[in-house]
> 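Pasting a structure below so you can have a look.
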Amino acid sequence: MRLASWNVNSIRARIDRVIAFLDRANVDVLAMQEIKCRPDQFPTERFTAAGYEVACHGLHQYNGVAIASRVGLADVAESFPGQPSFAKAGEEGVVEARALGAMCGDVRVWSVYVPNGRTLDDPHYAYKLEFLRALARAAGPWASEGPIALVGDWNVAPLDTDIWSLDAPEAATHVARDAREALAAIERAGLEELSRRYLPEPHTYTFWDYQQLRFPRGEGMRIDFAYASPALASRARAAAIDRAERKGAGASDHAPVMVDFVDAPGSVVP
DNA sequence: ATGACTTGGACACCAAGA
């Protein structure tokens, strides 16, 4: 099974590229982030025509996550247990559309979009830390349950070599010690990050800002990752970052991250 | 080379991203 994760930065603006990518990269399951629409606006029929089932969770033009699968899609869950809400000043808290889980074949796949954080003194930054900590708590029991993948846009650059410049002001929320610590809790919960296993080269990026010619200058960040439980990590064989998807007109600012898994030992291929 | 980000919503500006 080939599993891909991609912050598409609007599924409606990116649908042609996404469908072409599924075919070109031979993707079985695609976890999307930042779909930027509600379910009634999601181009479901384009995925159906390509042979994929779709689940999506979106509240409005911000955030939003989805999963497309051609190996089955069942037991869909919006938000993870204990997912924190965010309250704008003077408003009720809202559990934002940042996590979606589904059974895809025998793998439980979660598409995750961690809050950006904006700036270190912004309420969104505390929200980001709480989101990561709550997800690590939820993932603790999952790690020993079976094949589970947590993939998405984590908005944290764990290593100094995961970013072109530690001094970029927009990077502060992605390299801060407590942000990195909050992400490390996911690994301490027993999950392994698989893109790093196969792609350890420093300055291997998954995101390049639209501004300041970041992509042509090679100035990016590595913030998209694929975590897996031991039962799934043992079945991983390869990973790739599809840098080509950042090229050309109409590209997302993120590239897809892909991981290949072999079938479980003893599984029967229908 | 004298450039300068993209998206969606209500609107020709703004919030949000990172």
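Residue numbers begin at 1 in each chain, while the letters A, B, ... track the order of the sequences. Remember, it's a predicted structure, so these values are computed and weren't measured experimentally.
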> Strictly by ring pair (Phe, Tyr, Trp, His ring centres under 6.0 Å), give each pair with a member in residues 78-107 of chain A just once, sequence neighbours left out.
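Counting only pairs at least two positions apart or across chains, the ring pair (Phe, Tyr, Trp, His ring centres under 6.0 Å) contacts touching residues 78-107 of chain A are A:Phe80-A:Phe131, A:Phe86-A:His124, A:Phe86-A:Tyr127.
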
> Can we say A:Glu245 and A:Arg17 salt-bridge, meaning some charged N sits less than 4.0 Å from an Asp/Glu carboxylate O?
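Between A:Arg17 and A:Glu245 there is a salt bridge, with a charged N closer than 4.0 Å to a carboxylate O.
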
> For A:Arg14 and B:dG8, what is the distance between atoms CZ and C1' respectively, to the nearest whole Å?
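Computing the A:Arg14:CZ to B:dG8:C1' distance gives 12 Å.
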
> In whole Å, what separates the C1' atom of B:dT7 from that of B:dT2?
28 Å

> Distance check needed: B:dA4 P versus A:Arg214 CZ, whole Å only.
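The answer, rounded to whole Å, is 15 Å.
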
> Tell me which of A:Leu213 and A:Ala13 sits closer to the 5' end of DNA chain B, going by the nucleotide each one is nearest to.
A:Leu213

> Considering only atom P, compute the distance from B:dA18 to B:dT6 and round it to an integer number of Å.
16 Å

> With A:Leu59, which residues qualify under side-chain contact (heavy atoms from CB on, under 4.5 Å), at least two apart?
A:His57, A:Val94, A:Ala97

> Could you write nucleotides 9-18 of chain B as a row of B, S and -, 5' to 3', where a protein heavy atom under 4.0 Å of any base atom gives B, of only sugar-phosphate atoms gives S, and otherwise -?
S-----BSBB

> Hey, what else clusters with A:Val95 if you join Ile, Leu, Val, Met, Phe, Trp, Tyr whenever side-chain heavy atoms sit under 4.5 Å?
none

> So, using salt bridge (charged side-chain N to carboxylate O under 4.0 Å, His left out) as the criterion, who are the partners of A:Glu187 when residues are at least two apart?
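For A:Glu187 there are no salt bridge (charged side-chain N to carboxylate O under 4.0 Å, His left out) partners, ignoring immediate neighbours.
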
> Mind checking the P distance from B:dA15 to B:dA10? Whole angstroms is fine.
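Straight-line distance between the two P atoms is 14 Å.
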
> Other than A:Leu213, which residues form its hydrophobic cluster under the rule that side-chain heavy atoms must be closer than 4.5 Å?
none

